[in-house]
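For reference, the structure discussed in these notes is given below.
Model, not experiment: these values are computed from the prediction.
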Amino acid sequence: MAKKKNFIEKIKSLIKGDRDNGRIKWSLYGRVWREIGQPYLKWLIAGVIFTVLAASAEAYTITLVQQVVDQAFINKSMTAIYFLGGQVIIAFGAKGAFTYAKALIMSKGGLLAHANLQKKIYNHMTHMNLARFYGDGIGKNLNYFTVQSNAVLSLVTSTVIKVVQNVATLAMTLALMFYYAPQMCVVLLFLTPAIMIPMVLIMRKRRKLSRQSFGIANDVAQQLNQTLHGIKTIQAFANEEREAKNFETVLNNSVVNSYKSTQANSLRSPLMEFMISIGLCIAMIMGGHFIASGAITTGDFTAFLLALTAAYKPAKSITSTGDTLQHGLLAAEILFAFLDSKPDIIDADDAIELKSQKLSVAFDNVSFEYNPGEPVLQNINLNVPAGRVCALVGPSGGGKTTMFNLLERFYEPQFGKITINRRDIRKYTLKSLRQNIAEVSQDVFLFNGTIADNIKYGHADATDEMVMAAARAANAHDFIMEFPDGYNTCVGERGGLLSGGQKQRIAIARAILKDAPILLLDEATSALDTQSEKLIQGALKDLMHGRTTFVIAHRLSTILDADIICVIKDGRIVEMGTDAELCALDGEYKRLRDIQFKTKSTKRAQSKK
């Protein structure tokens with residue numbers, strides 16, 4: 001009894017697999033159907049109907065062969081030959097028509113379902129926190145669109161059709177086999193365990209490799225994405241060979257994984273063919289005995305052999321469908337884990353719209369750290385009245401840009417709060433908060449579109465006249481008109497077809513057109529030459545008028561007129577005041593100011609000599 005129980009447990013373990021390989025969560029299939037398949041159920045049902053009709057037409061041709069052998073060949077009836085030959089043409093024609101209709105219907109339903117799934121992924125991705133987005137890597141996020149979405153989609157399109165088609169064909173051929181020679185079928189049933197056990201072992205091996213393949217695909221995509229975005233840096237450091245070796249290492253992992261998967265998968269076909277050959281051998285030996293004894297006719301035996309050989313293809317396909325199924329479910333597990341993830345930064349239940357008006361900004365004892373135990377900002381207290389200009393100066397890495405990130409709620413402070421018009425910014429909706437802030441950073445990002453599209457990115461309804469007015473204010477109109485296509489000139493990937501100064505001026509024009517009450521300038525003129533900077537400074541002063549403005553600047557000459565100047569060092573505000581007040585303190589600001597203006601004086605003196 002104990003041995004029997006152990007045997008049963010081993011069989012269960014064989015089917016389920018082990019925990020180290022990761023068991024498939026079959027409940028995910030129901031969710032895949034609800035969220036992906038159900039909206040396009042009518043397409044799937046129509047596809048299934050045509051699939052069953054095609055399988056029926058194929059099965060009907062086998063019955064025609066039996067009639068041809070017994071009625072036409074054995075009885076030598078030419079009338080039967082003509083009649084049955086016409087039916088064969090009709091049967092194969094119907095099968096072709098049904099197969100064609102199935103292909104069109106499933107293609108339409110699949111394309112719609114895929115587009116809807118990718119839309120869900122895209123919408124979720126655009127609302128992700130920056131920390132999660134950059135932490136996972138762009139390559140991994142891109143794979144949600146390609147590797148995972150394609151594998152999951154197959155669960156409700158191609159896999160469903162294959163299963164229905166193969167099961168229907170197999171059921172019909174088995175039914176025909178039982179109908180024409182039930183005696184032979186009973187004997188052949190004993191071959192089933194010999195076929196199933198190796199197939200289950202192969203599926204278990206493939207499951208482990210499928211899980212590993214997703215991680216390897218992420219590594220390949222990440223390495224490739226990093227190379228494409230950093231190609232200039234790679235070439236500048238002459239590291240082409242080193243990066244090629246890194247990519248080769250990642251590709252080798254992919255090759256090894258794919259080869260192991262092929263090794264396991266390739267065993268399926270010879271095993272199936274070997275078992276079918278045994279079945280055919282047994283069938284021919286038994287068929288000879290049954291024909292000789294008169295138990296079955298020659299036509300019955302011929303139809304039985306055709307049905308047996310016809311059953312091979314769907315039986316083989318069903319075993320491979322099992323791999324596709326578990327691959328898709330593993331992808332669904334990864335994809336749904338991503339879609340179920342909730343962003344940390346969301347609207348509060350009592351959040352209200354931030355109206356465009358005069359806005360004051362205050363940092364109230366704000367502390368922040370990207371990594372635990374590594375503070376970036378410590379006890380920041382700052383009050384900027386509406387319409388005033390606050391300049392942030394100090395050494396690089398002090399936390400100035402981080403203050404911008406916190407104000408736009410890309411991150412949340414661990415301690416303290418930031419308020420606008422004395423209300424915690426977490427009490428405003430994210431959309432309205434960011435709509436009231438315009439930023440020009442030193443690392444300008446332009447979309448791969450026209451100059452006009454990039455300028456009106458923050459004001460989609462802007463007219464051409466408004467776009468040109470913003471470009472003129474940013475001293476960009478003249479160089480734009482030098483291009484053959486003017487404002488319709490494509491800027492290329494990340495604005496790669498423009499110079500750094502040109503990109504910066506387009507970014508300034510974009511901020512001017514957005515016309516937000518809060519303005520953030522992070523080294524906004526860093527990429528401009530001295531002449532262009534002077535022209536832009538006049539435009540920026542007009543832009544800042546009446547707006548609450550924060551300016552990060554390393555060239556102190558650009559912020560001498562600021563209402564408030566904060567010196568930030570090591571994450572703390574060490575000095576605060578106007579230019580005159582800070583000079584009187586004779587502290588950190590005075591030291592930075594003297595260094596910069598002394599350097600300028602020296603350069604002017606050398607140029608005179």
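For the pair L560 and R593, the minimum side-chain heavy-atom distance is below 4.5 Å. In this structure, the side chains of L407 and I437 come closer than 4.5 Å at one or more pairs of heavy atoms. I380 has its side chain out of reach of F415: every pair of non-hydrogen atoms, C-beta onward, lies at least 4.5 Å apart. You'll find the side chain of S432 stays beyond 4.5 Å of the side chain of I352, heavy atoms only. Between L382 and M576 the shortest side-chain heavy-atom distance falls below 4.5 Å. Annotation: side chain of L497 is not in contact with side chain of V491 (no heavy-atom distance under 4.5 Å).
One finds the CD1 atom of I451 at 9.0 Å from the CG atom of D485 (value rounded to the nearest 0.5 Å). With rounding to the nearest 0.5 Å, the separation of CZ in F445 from CZ in R510 is 9.0 Å. Note: L112 CG to L117 CG = 12.5 Å, rounded to the nearest 0.5 Å. Distance check, rounded to the nearest 0.5 Å: CD of E412 to CD1 of I346 gives 10.0 Å. Atom-to-atom distance recorded for E408:CD and I425:CD1 is 9.5 Å, nearest 0.5 angstrom. Between L430 atom CG and D347 atom CG the span is 5.0 Å, to the nearest 0.5 Å.
Qualifying salt bridge (charged side-chain N to carboxylate O under 4.0 Å, His left out) partners for E581, counting only residues two or more places apart in sequence or in other chains: none. Every residue two or more places apart in sequence or in another chain was checked for a salt bridge (charged side-chain N to carboxylate O under 4.0 Å, His left out) with K417, and none qualifies. With sequence neighbours left out, Y487 forms a ring pair (Phe, Tyr, Trp, His ring centres under 6.0 Å) with H477.
In this model, no donor atom of one side chain and acceptor atom of the other lie less than 3.5 Å apart for D424 and T419. For D579 and Y589, the side-chain atoms include at least one donor-acceptor pair closer than 3.5 Å.
Screening V551, I508, I552 against L521 for a side-chain contact (heavy atoms from CB on, under 4.5 Å) leaves a single residue, V551.
Counted within 6.0 Å of NZ on K120, heavy atoms from surrounding residues, nucleotides or ligands total more than 12; the atom is thus considered enclosed.
With T549 contributing its side chain and L519 its backbone, the two residues share no donor-acceptor pair below 3.5 Å. Q502 places no side-chain N or O within 3.5 Å of a backbone atom of F479 that could act as its donor or acceptor partner. Under a 3.5 Å cut-off, the side chain of Q504 and the backbone N or O of S441 do form a donor-acceptor pair. T429 places no side-chain N or O within donor-acceptor distance of the main-chain N or O of A351, the cut-off being under 3.5 Å.
The heavy-atom pair separating P413 from V366 by the smallest distance is CB-CG1, 3.7 Å. Nearest approach of T548 to A386, heavy atoms of both residues: OG1-CA, 3.4 Å. Across all their heavy atoms, R426 and G416 have their closest contact at NH2-O, 3.5 Å. Here the shortest heavy-atom pairing between L513 and A462 reads CD2-CB, 3.7 Å.
Pairs passing the side-chain hydrogen bond (donor to acceptor under 3.5 Å, both in side chains) check and including a residue from residues 379-395, sequence neighbours excluded, read N365-N379. For residues 446-459, the side-chain hydrogen bond (donor to acceptor under 3.5 Å, both in side chains) pairs, not counting sequence neighbours, are T450-D453.
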After noting the C-alpha distance and the side-chain angles of R409 and D344, does the key distance pass the salt bridge (charged side-chain N to carboxylate O under 4.0 Å, His left out) rule? CA-CA 11 Å; R409 286 197 72 195; D344 298 327; over 6 Å; no
Going through the checks in order, is the side chain to side chain contact (heavy atoms under 4.5 Å, CB included) test met by D364 and I418? CA-CA 6 Å; D364 184 5; I418 302 173; over 6 Å; no
Starting from the C-alpha separation in whole Å, work towards a yes-or-no answer on side chain to side chain contact (heavy atoms under 4.5 Å, CB included) for D563 and T578. CA-CA 6 Å; D563 300 301; T578 63; over 6 Å; no
Side-chain donor/acceptor pairs under 3.5 Å, residues 389-406, sequence neighbours excluded:
{"residue": "K400", "atom": "NZ", "partner": "G394", "partner atom": "O", "Å": "3.3"}
{"residue": "K400", "atom": "NZ", "partner": "P395", "partner atom": "O", "Å": "2.9"}
{"residue": "T401", "atom": "OG1", "partner": "D522", "partner atom": "OD2", "Å": "3.1"}
{"residue": "T402", "atom": "OG1", "partner": "Y370", "partner atom": "OH", "Å": "2.9"}

